[in-house]
Amino acid sequence: MRDLATTPECLSINTATFGHRIDIDAVIDLCQQRGIGAIAPWRRDLEGHSVARVAARLRTANIGVSGYCRSTYFTHTDEAGRRAALEDNMRAVDDAAELGATCFVLVVGGIPAGSRDLAGAREQVQTGVAALLEHARKAKVPLALEPLHPMTAADRSCLSTLGQALDWCDEIDPCGQGLGVAVDVYHVWWDPALQSQIVRAMQGRRVLGYHVSDWLVPTNDLVLDRGMMGDGVIDLKRIRGWLEDAGYDGAVEVEIFSAANWWKRPATDVLDTCIERLHTVC
């Protein structure tokens with residue numbers, strides 16, 4: 001395994017880790033000061049900013065973009081909603097291209113309001129991803145399907161496992177030209193098939209991102225109570241070992257949603273703790 005303490009270029013901070021509280025320029029400054037190799041901006045953190053200007057700042061700071069977060073949900077009750085979502089995602093892909101992002105992260109959406117049709121929701125997602133992929137290929141931005149924990153299947157993501165995401169990749173993009181996966185440990189750590197699916201993903205060159213945080217016991221909010229690495233029960237070194245043994249050499253990206261804890265702390269403390277934990281427990 002790589003020594004993350006001696007390879008700061010491998011480290012990435014997702015801007016959600018700061019709770020969307022600080023300006024994108026401040027994020028860039030903090031990461032540049034500490035030699036962090038990449039960030040993963042959320043679209044909301046670029047609102048009010050020129051994407052071209054932010055891209056130029058990142059290049060000047062020698063900071064890469066490990067991913068751009070995230071897609072508008074693909075699932076809607078009517079065709080007009082689905083079309084609007086597709087158009088919004090196309091605009092986001094164009095911004096990702098401007099930023100030089102290694103991928104655009106897809107959180108796909110759950111069951112539309114008032115529906116019980118889970119299979120239909122999944123069909124909507126696959127149709128929408130296939131349409132977006134055509135645009136993404138032209139923009140030269142890979143799309144990363146991010147499976148979320150099954151607890152979110154109803155409202156946030158009807159895509160629940162890495163194996164399911166890879167099945168969709170094989171169906172939508174059988175030649176492997178622009179569609180892959182983001183492996184977020186918070187959502188997939190529990191999966192008994194995780195190791196074998198990581199090997200499958202790496203064999204197909206499908207892994208576009210790797211996100212770390214931790215699962216707390218107890219967890220007080222299933223979305224907004226992620227733990228800092230090392231504070232929970234996920235075997236982070238083992239999972240990274242599976243990825244790197246299979247050939248992964250991309251960024252290790254911290255993405256923590258922590259409304260009651262880390263989002264209330266000073267950004268410098270959050271970042272310095274992330275770096276220390278990346279070096280010691282990830």
Side-chain angles (χ1 to χ4, degrees), residues 1-14 17 31 35-41 63-70 96 100-107 136 140-149 159-170 173-215 226 229-230 234-256 274-275 277-282:
M1 288 173 61
R2 295 172 295 178
D3 181 358
L4 298 182
T6 60
T7 53
E9 67 276 7
C10 298
L11 309 185
S12 178
I13 302 296
N14 188 294
T17 302
C31 291
I36 299 296
I39 66 171
I63 293 174
V65 177
S66 61
Y68 189 43
C69 297
R70 63 168 171 75
T102 59
C103 65
F104 178 50
V105 177
L106 307 183
V107 176
K140 298 182 180 179
V141 176
L143 303 178
L145 289 165
E146 182 176 0
L148 301 194
H149 195 285
L159 174 63
S160 302
T161 68
L162 183 56
Q164 183 187 11
L166 292 171
D167 289 344
W168 288 9
C169 286
D170 290 344
D173 180 34
C175 296
Q177 297 180 345
L179 185 61
V181 297
V183 179
D184 186 323
V185 296
Y186 185 77
H187 293 295
V188 301
W189 70 274
W190 57 273
D191 186 351
L194 181 58
Q195 182 179 12
S196 63
Q197 293 303 320
I198 283 174
V199 171
R200 174 188 171 192
M202 289 304 304
Q203 288 174 340
R205 300 180 182 178
R206 298 284 195 187
V207 179
L208 300 174
Y210 173 54
H211 307 168
V212 296
S213 58
D214 217 331
W215 186 281
R226 296 191 189 194
M229 298 81 68
I234 301 177
D235 192 339
L236 295 162
K237 283 187 179 292
R238 176 171 293 191
I239 295 173
R240 181 162 71 89
W242 291 341
L243 279 159
E244 294 188 6
D245 286 349
Y248 181 73
D249 60 1
V252 180
E253 176 187 317
V254 180
E255 185 181 39
I256 298 175
C274 287
I275 294 170
R277 299 297 179 86
L278 282 164
H279 292 173
T280 57
V281 301
C282 290

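- We find the CD-CG distance between Glu146 and Leu106 to be 9.5 Å, quoted to the nearest 0.5 Å.
- Minimum interatomic distance between Val141 and Ala96 (heavy atoms only, all atoms of both residues): CG1-CB, 4.0 Å.
- The line from CD1 of Ile39 to OH of Tyr68 is 10.5 Å long, rounded to the nearest 0.5 Å.
- Within 6.0 Å of CZ on Arg2 lie more than 12 heavy atoms contributed by other residues, nucleotides or ligands.
- For the residue pair Leu194 and Trp189, the shortest heavy atom distance occurs at CD2-CA, 4.1 Å.
- Using a cut-off of 4.0 Å between Lys/Arg side-chain N and Asp/Glu carboxylate O, Asp167 and Arg200 are scored as salt-bridged.
- With sequence neighbours excluded, no residue forms a ring pair (Phe, Tyr, Trp, His ring centres under 6.0 Å) with Tyr248.
- Note that the CG atom of Leu243 and the CZ atom of Arg238 stand 13.5 Å from one another [nearest 0.5 Å].
- With a 4.5 Å cut-off on side-chain heavy atoms, Arg206 and Asp173 count as touching.
- With sequence neighbours excluded, the residues satisfying side-chain contact (heavy atoms from CB on, under 4.5 Å) with Ala246 are Met202.
- Considering every non-hydrogen atom in both Ile36 and Ile13, the closest pair reads CG2-CG1, 4.2 Å.
- Within the 4.5 Å cutoff, no side-chain heavy atoms of His211 are placed close to those of Tyr186.
- Atoms CD1 and CD1, on Ile239 and Ile198 in that order, are 6.5 Å from each other to the nearest 0.5 Å.
- A distance of 11.0 Å separates NE2 of His279 from SG of Cys274, quoted to the nearest 0.5 Å.
- Ser12 approaches Ser66 most closely through the heavy-atom pair OG-OG, 2.7 Å.
- Considering every non-hydrogen atom in both Leu208 and Pro142, the closest pair reads CD1-CB, 3.8 Å.
- Considering only heavy atoms from C-beta on, Leu11 comes within 4.5 Å of Leu4 through its side chain.
- Without hydrogens or angle criteria, Ser213 side chain to Arg226 main chain gives no donor-acceptor distance under 3.5 Å.
- Each of Val207, Val181, Thr161 was compared with Leu166 under the side-chain contact (heavy atoms from CB on, under 4.5 Å) criterion, and only Val181 meets it.
- The closest side-chain heavy-atom distance from Leu278 to Val212 is below 4.5 Å.
- Not a single donor-acceptor pair under 3.5 Å links the side chain of His149 to the backbone N or O of His187.
- Side chains of Trp190 and Ile234 form no contact here, defined as non-hydrogen atoms less than 4.5 Å apart.
- A pairwise comparison of heavy atoms in Met229 and Cys282 identifies CG-SG, 3.5 Å as the closest pair.
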